[in-house]
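Counting starts at 1 for both ligands and their atoms, following the listed order. What you see is a predicted model; the values in this text were computed from it and never measured.
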Amino acid sequence: MITKRLDISPENYGDSIREAARILKNEGIVAIPTETVYGLAASALSEKAIKSVFTAKGRPQDNPLIVHISDIDMLYDVAEDIPEKAIECAKRFWPGPFTMVLKRKEGIDKSVSAGLDTVAVRMPDNTVARDIIIESGLPLAAPSANSSGSPSPTAASHVLYDLDQKIDAVIMGENCKVGVESTVITLVTEKPRLLRPGAVTVDQLKEILPDIEIDRAVLTEPEDKEKVSSPGMKYKHYAPKTNTYLIVSEREKFVNFVNFKKNSGAVCFDEEIGDIEIPAISYGNSSDEKTLAKNVFSALRKADELGVNTLYIHAPSKTGVGLAVYNRLIRAAAFKVMEL
Ligand code: TXA
Ligand code: MG
């Protein structure tokens, strides 16, 4: 299959949005930019299109997708028994990097939710994404547009690296400004629960949901992989091809540790890269969690090109969006975390 590159510079914008919508209405699949990561979009009403998404990504069948909408009214086409708190959250955090799991409405294809009776919903803060939803008139199921297991794509080039010739089209948009996937909470459990941390932080969530619980899978390896509440959290994920360790330590210890390593590379912070003597890539200043989030996945992709056998990543703090970065990195390291 030839993957169409859809250009969205001003002179081609309208044509490209219409072409993306046409493909989606015909049950094709299109990679679209969002503020978090690129998504691989398909009609949430089409079993055939959803199947193509799972096939293109090589995604495990039991891992459900997020449905994307363009305004709050559309929420009622996707979910039912919507609690008052969900509306409050929607008004506060949408459009934005925030996803709610609610009861699935009939019409949304079961395969979107991998057979569960719930559905995850989000309104992205990206005009291109929302214009495509509006133009197609469809709720769009969209997982991250990477091959399953590899780092999430924050640039159109990442999408093409993983999925060229496996999908109908890709929007050649800008790099994603947030860089890590949305915060996912569930509102179908007795107490609201954080399933995946993102740029909407725990402190922000507590303003509306003071009793929110944090799922164990956010910071630790799931023990019983059959029972995790967010199936996506149980897989090795976001991982470079290189054997990877996450290192929790202060600056000096990290630098001394990696400088003794042979055939190895480091993913580190701006303020220490000058002292590191092995091949290294910085993902930002350690005190600037937003920049770390924005750069983390592209740093993991670049790390695979260092030509080393082992990779040591310096762990960020777990505050603010740092929690989301840390959550992705323990998975990138397949839970091989070392404290120095
Ligand atoms: O920022 C994002 O959320 C991006 C962009 C494209 O919107 N999408 C994304 O999708 O990250 P994906 O498929 O890579 O991750 C979806 C996560 C998975 O961890 C999945 O298990 C969880 O959401 N999820 C989806 N539906 C669910 C459901 N019904 N119940 C529990 N977890 C669900
Ligand atoms: Mg993903």
Side-chain angles (χ1 to χ4, degrees), residues 30-42 44 50 53-54 56-69 78-79 93-105 108-126 128-130 132-133 139-154 158-159 162-163 171 173 176-189 193-200 215 217-218 222 225 227-239 293 297 321 324 327-328 331-332:
V30 182
I32 63 172
T34 84
E35 80 280 31
T36 56
V37 301
Y38 271 73
L40 180 56
I50 301 303
V53 166
F54 278 90
K57 280 181 60 84
R59 184 177 176 100
Q61 291 292 336
D62 66 345
N63 192 7
L65 312 180
I66 295 172
V67 176
H68 296 68
I69 59 176
V78 176
F93 301 124
W94 282 353
F98 174 72
T99 298
M100 291 185 283
V101 174
L102 297 164
K103 193 154 179 256
R104 178 167 52 85
K105 187 155 176 174
I108 296 300
D109 200 87
K110 254 206 219 100
S111 60
V112 169
S113 304
L116 301 172
D117 57 6
T118 54
V119 64
V121 196
R122 152 166 134 84
M123 189 199 300
D125 184 17
N126 180 295
V128 180
R130 288 207 307 278
I132 293 171
I133 300 170
L140 296 179
S144 48
N146 52 319
S147 299
S148 197
S150 68
S152 294
T154 53
H158 300 161
V159 176
D162 283 12
L163 300 177
I171 299 276
C176 303
K177 62 176 198 254
V178 174
V180 290
E181 306 88 337
S182 60
T183 302
V184 180
I185 68 161
T186 177
L187 291 173
V188 297
T189 40
R193 176 179 284 260
L194 176 70
L195 300 180
R196 182 176 72 182
V200 168
D215 202 272
V218 167
K225 295 200 176 182
K227 281 201 188 138
V228 291
S229 12
S230 184
M233 289 286 105
K234 76 184 175 192
Y235 298 107
K236 176 176 171 188
H237 231 130
Y238 318 115
F297 286 131
V321 69
N327 167 278
R328 305 313 187 269
R331 285 170 175 77

Verify whether one side chain among R196 and T99 offers a donor that lies under 3.5 Å from an acceptor in the other.
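No, T99 and R196 have no side-chain donor paired with an acceptor closer than 3.5 Å.
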Under 3.5 Å side-chain donor-acceptor pair for S152 and E181:
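Distance-only check passes for S152 and E181.
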Straight-line distance of S182 OG to W94 CH2, nearest 0.5 Å:
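Between atom OG of S182 and atom CH2 of W94 there are 10.0 Å.
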N/O/S atom of S152 under 2.8 Å from the Mg ion (ligand 2), yes or no?
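S152 does not place any N, O or S atom closer than 2.8 Å to the Mg ion (ligand 2).
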So do the side chains of I32 and H68 get within less than 4.5 Å of each other, counting heavy atoms only?
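Answer no - side chains too far apart.
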Determine whether the side chain, the backbone, both or neither of N63 has a heavy atom under 4.0 Å from any heavy atom of ligand 1.
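Near ligand 1, N63 shows its side chain, while the N, CA, C and O stay back.
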Mind checking whether R104 contacts ligand 1 via backbone (N, CA, C, O), side chain (CB onward), both or neither, at a 4.0 Å heavy-atom cut-off?
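Near ligand 1, R104 shows nothing, with every heavy atom at 4.0 Å or more.
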Smallest separation among heavy atoms of N327 and A217, with atom names:
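Taking N327 first and A217 second, the nearest heavy atoms are ND2-O, 4.0 Å.
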Below 3.5 angstrom, do we get any N/O pair linking [X] and ligand 1?
X    : answer
S182 : yes
H68  : yes
S113 : no

Out of [options], whose heavy atom is nearest to [atom]?
atom                    : options               : value
atom 1 (O) of ligand 1  : I32, T36, T99         : T36
atom 10 (O) of ligand 1 : A41, P143, P33        : P143
atom 28 (C) of ligand 1 : A199, A129, P64, S148 : P64

Those atoms of ligand 1 less than 4.0 Å from some heavy atom in [X]:
X    : result
A120 : 25 (C), 26 (N), 27 (C)
R122 : 1 (O), 2 (C), 3 (O), 5 (C), 7 (O)
T118 : 28 (C), 29 (N), 30 (N)
G39  : 6 (C)

Heavy atom of R59 under 4.0 Å from ligand 1?
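Distance cut 4.0 Å: R59 passes for ligand 1.
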May I ask whether A142 has any heavy atom positioned less than 4.0 angstrom from an atom of ligand 1?
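Yes; A142 lies near enough to ligand 1 that a heavy-atom distance drops under 4.0 Å.
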Polar side-chain atom of [X] near backbone of [Y] as donor-acceptor pair, under 3.5 Å:
X    : Y    : result
R328 : A293 : no
R122 : G96  : yes
T154 : C176 : no
K57  : L163 : no
T34  : V37  : yes

